[in-house]
Peer 1: 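Handing you this structure, nothing more for now.
Note that this is a predicted model, so its numbers are computed, not measured. Sequence lines set the chain letters: A, B, ... in the order given, protein chains first and strands last, and positions in each chain run from 1.
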2 protein chains.
Amino acid sequence: MATGRTHRPATRSRGIPEATVARLPLYLRALTALSERSVPTVSSEELAAAAGVNSAKLRKDFSYLGSYGTRGVGYDVEYLVYQISRELGLTQDWPVVIVGIGNLGAALAGYGGFASRGFRVAALIDADPAMTGKPVAGIPVQHSDDLEKIINEDGVSIGVIATPAGVAQQVCDRLVAAGVTSILNFAPTVLSVPDGVDVRKVDLSIELQILAFHEQRKAGEETSAEEGPDAGAEPEAAAVAPPAPRGATGSTGRKGPDGDVPAVMPA
Amino acid sequence: MATGRTHRPATRSRGIPEATVARLPLYLRALTALSERSVPTVSSEELAAAAGVNSAKLRKDFSYLGSYGTRGVGYDVEYLVYQISRELGLTQDWPVVIVGIGNLGAALAGYGGFASRGFRVAALIDADPAMTGKPVAGIPVQHSDDLEKIINEDGVSIGVIATPAGVAQQVCDRLVAAGVTSILNFAPTVLSVPDGVDVRKVDLSIELQILAFHEQRKAGEETSAEEGPDAGAEPEAAAVAPPAPRGATGSTGRKGPDGDVPAVMPA
DNA sequence: CCATCTTTGTGCACGCGTTCACAAAGACAT
DNA sequence: ATGTCTTTGTGAACGCGTGCACAAAGATGG
């Protein structure tokens, strides 16, 4: 039972690399902005700058879609907007349900980015009876008892989970059983789904921790300016005594990659 | 001026690959859950299942941190929690400011995942004078005029941008100028930052579009079951007439990778 | 019609990340 | 102490993604 990621293993969908797919929305946004300013054409260089990527990468990305673009001129903005929209499946309407209307769920319900691109909030669902009927962002909240009915009636295939972590898996199971095949998960849990179901995770806490890592590294570098190609700069946080390994019988010295704490165990 | 990503180009921070760093929080979460259940040790297989990754990958990830773990037994949960926390820089306190207290900003302010891991909401900042002083999630909102002062006084190095896209770059610039070196951006814009500043992006709209792509592909596969190694299943959305390239003078037939629309231009 | 100039599209090489598969290490029983 | 059994740690192979650099394509001017 594959727990977690369920993307096509290597079956690159119709030849378009996953990394490229992930950038298409970025290009689309930049192109839309140009379109609104009535810019007729754009070069790969300009568009790449607007999207924050390398121009070679952008050209290669577009080459997977086909030979749009005119040498010596650039890309036709309107045409490209259409092609990318079509490729991403944004020319059709995607009904979406949001489950879990707490602070975050409510914020998502009111997020403008939904409606703008073919996504339509079909329903807001919450388990709290007190919420039922209450309008959030203009849409009345429905009770989770009706989850299956809602999904079937509206033909919903994309679900957003904004519940507490504790119930996320249950909600996920119900969504999948009801026919949802794509899930955007905001709950801090690893969701287990059957093959054929895509899960994407948005995890604030993880993002912050990654930033903290780099931040710490920057702070460490600063103090120990230059002292070798790989001197790693052990941060000062080692003031806290590390817990020692529990089942350790022998006294096999712990060895970090750069001379770590030598496992003096306090217990 | 590097617009966008600003991660270490190839200077893998102290030898820990970026991909590994991104997974450490995942492991940490699983380990914390085990710790709360007082589980003393865990094997790479078990932990990998809990974190939703391959066990070999997990072992390799840990090998970058050092030789923790005991062969034949597994990893000591408490010890590993400490080591990963330390590596991620979570043993110290990270004051964080959230700029833009709309729906999303308010939801973030109330998010429990902050406090749990060394992150402390130092201030909520909004440009709307009507918000100033109003408590959100127990913290009074401060006016953006005081942004620089707040950051300096509290030694804030991590900023969260939850403003509308239009002002995100300006806010970003002010944050950076005031000394912030890590930014978590929720605004749907590409931020331009100087070297040495890390930006991570959380973009709901992009995630949904990626899901839509895969969803469309699944739907297409379904209808055209099997008809060749590369027959790509053109979706039915082509009912909408595509805009033709604008500056096209000649009638150079557009050729998509799988026989696209032949650029009949209506104008 | 030809020359020049711009910009695309892509072949190629390189590096990172993933996965396999196995030897080494240690726990545990006898 | 010795053997067996479990699980780690990692060498090696592979595949994907990225970026360089350039040839081909077409626009534009004379």
Peer 1: Do any N or O atoms from the side chain of B:Trp94 and from the backbone of B:Gly89 form a donor-acceptor pair under 3.5 angstrom?
Peer 2: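 Side chain of B:Trp94 to backbone of B:Gly89, a donor-acceptor pair under 3.5 Å: yes, one is there.
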Peer 1: Using a 3.5 Å distance criterion without hydrogens, assess whether the side chain of B:Lys218 forms a donor-acceptor pair with backbone atoms of A:Val197.
Peer 2: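 Checked: no pair found.
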Peer 1: Distance check: side-chain N/O of A:Tyr75 vs OP1/OP2 of C:dG9, anything under 4.0 Å?
Peer 2: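 Answer yes for this pair, as a side-chain N or O of A:Tyr75 is under 4.0 Å from OP1 or OP2.
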Peer 1: Which is more 5' along DNA chain D, the nucleotide nearest B:Val73 or the one nearest A:Asp61? Just name the residue.
Peer 2: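 Nearest-nucleotide comparison on DNA chain D picks B:Val73.
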Peer 1: Which of the following nucleotides, D:dT18, D:dA27, C:dG9, is nearest to the side chain of A:Lys60?
Peer 2: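 Selected nucleotide: D:dT18.
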Peer 1: Is A:Ser44 near enough to C:dT8 that one of its side-chain N or O atoms lies under 4.0 angstrom from OP1 or OP2?
Peer 2: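 So the side-chain polar atoms of A:Ser44 do come within 4.0 Å of the phosphate oxygens OP1 or OP2 of C:dT8, strictly under.
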Peer 1: Answer yes or no: is there an ion pair linking B:Arg29 with A:Asp203, defined by an N-O contact shorter than 4.0 Å?
Peer 2: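 A salt bridge is present here (some side-chain N lies under 4.0 Å from a carboxylate O).
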Peer 1: Without decimals, in angstroms, what is the distance between A:Tyr64 OH and D:dG17 P?
Peer 2: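 My rounded result for the distance is 7 Å.
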Peer 1: Nearest whole angstrom, please: distance from the C1' of C:dT7 to the CZ of A:Phe62.
Peer 2: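 It is 14 Å, rounded to the nearest whole Å.
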Peer 1: May I have the distance from B:Leu65 (atom CG) to D:dT8 (atom P), rounded to whole angstrom?
Peer 2: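 Roughly 15 Å, once rounded to whole Å.
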Peer 1: Measuring from the side chain of A:Lys57 (C-beta onward, heavy atoms only), which nucleotide among C:dT10, C:dT19, D:dG19 has the closest atom?
Peer 2: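 Nearest to the side-chain atoms of A:Lys57, counting from C-beta on, is D:dG19.
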Peer 1: May I have all residue pairs that pass salt bridge (Lys or Arg N to Asp or Glu O under 4.0 Å) and include part of residues 37-54 of chain A, sequence neighbours excluded?
Peer 2: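 Of all non-adjacent pairs touching residues 37-54 of chain A, none passes salt bridge (Lys or Arg N to Asp or Glu O under 4.0 Å).
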Peer 1: Using nucleotides 21-24 of chain D, report all nitrogen or oxygen pairs with the protein that are shorter than 3.5 Å.
Peer 2:
{"unit_1": "D:dA21", "atom_1": "N6", "unit_2": "A:Arg59", "atom_2": "NH2", "d": "3.4"}
{"unit_1": "D:dA24", "atom_1": "N3", "unit_2": "A:Arg71", "atom_2": "NH1", "d": "2.7"}

Peer 1: What are the two closest heavy atoms between A:Leu88 and B:Gln216, and how far apart are they?
Peer 2: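 Closest pair (atom of A:Leu88, atom of B:Gln216, distance): C-OE1, 3.8 Å.
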Peer 1: Counting the benzene-type ring for Trp, do B:Tyr79 and B:Tyr68 have ring centres under 6.0 Å apart?
Peer 2: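 Between B:Tyr68 and B:Tyr79, which both carry aromatic rings, the centre distance is below 6.0 Å.
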Peer 1: From the options D:dA27, C:dT18, D:dT8, select the nucleotide whose nearest atom is closest to the side chain of B:Arg23.
Peer 2: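 That would be C:dT18.
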Peer 1: Over how many whole Å does the gap from A:Tyr79 atom OH to C:dT8 atom C1' extend?
Peer 2: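 The distance from OH of A:Tyr79 to C1' of C:dT8 comes to 15 Å, rounded to the nearest Å.
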Peer 1: Rounded to whole Å, how long is the line connecting atom CG of A:Asp76 with atom C1' of D:dA27?
Peer 2: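 Distance, rounded to whole Å: 15 Å.
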Peer 1: D:dT7 P sits how many Å from B:Leu47 CG, rounded?
Peer 2: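 Spelled out: CG on B:Leu47 to P on D:dT7 is 14 Å.
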Peer 1: Distance check needed: D:dC20 P versus A:Leu58 CG, whole Å only.
Peer 2: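 The answer, rounded to whole Å, is 14 Å.
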Peer 1: Report the distance from atom CD of B:Glu45 to atom P of C:dA21, rounded to the nearest whole Å.
Peer 2: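 After rounding, the reported distance stands at 14 Å.
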Peer 1: Taking only residues at least two apart or on different chains, which pairs with a member in residues 21-43 of chain B satisfy ring-ring contact (aromatic ring centres under 6.0 Å, His included)?
Peer 2: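 ring-ring contact (aromatic ring centres under 6.0 Å, His included) check on residues 21-43 of chain B returns B:Tyr27-B:Phe62.
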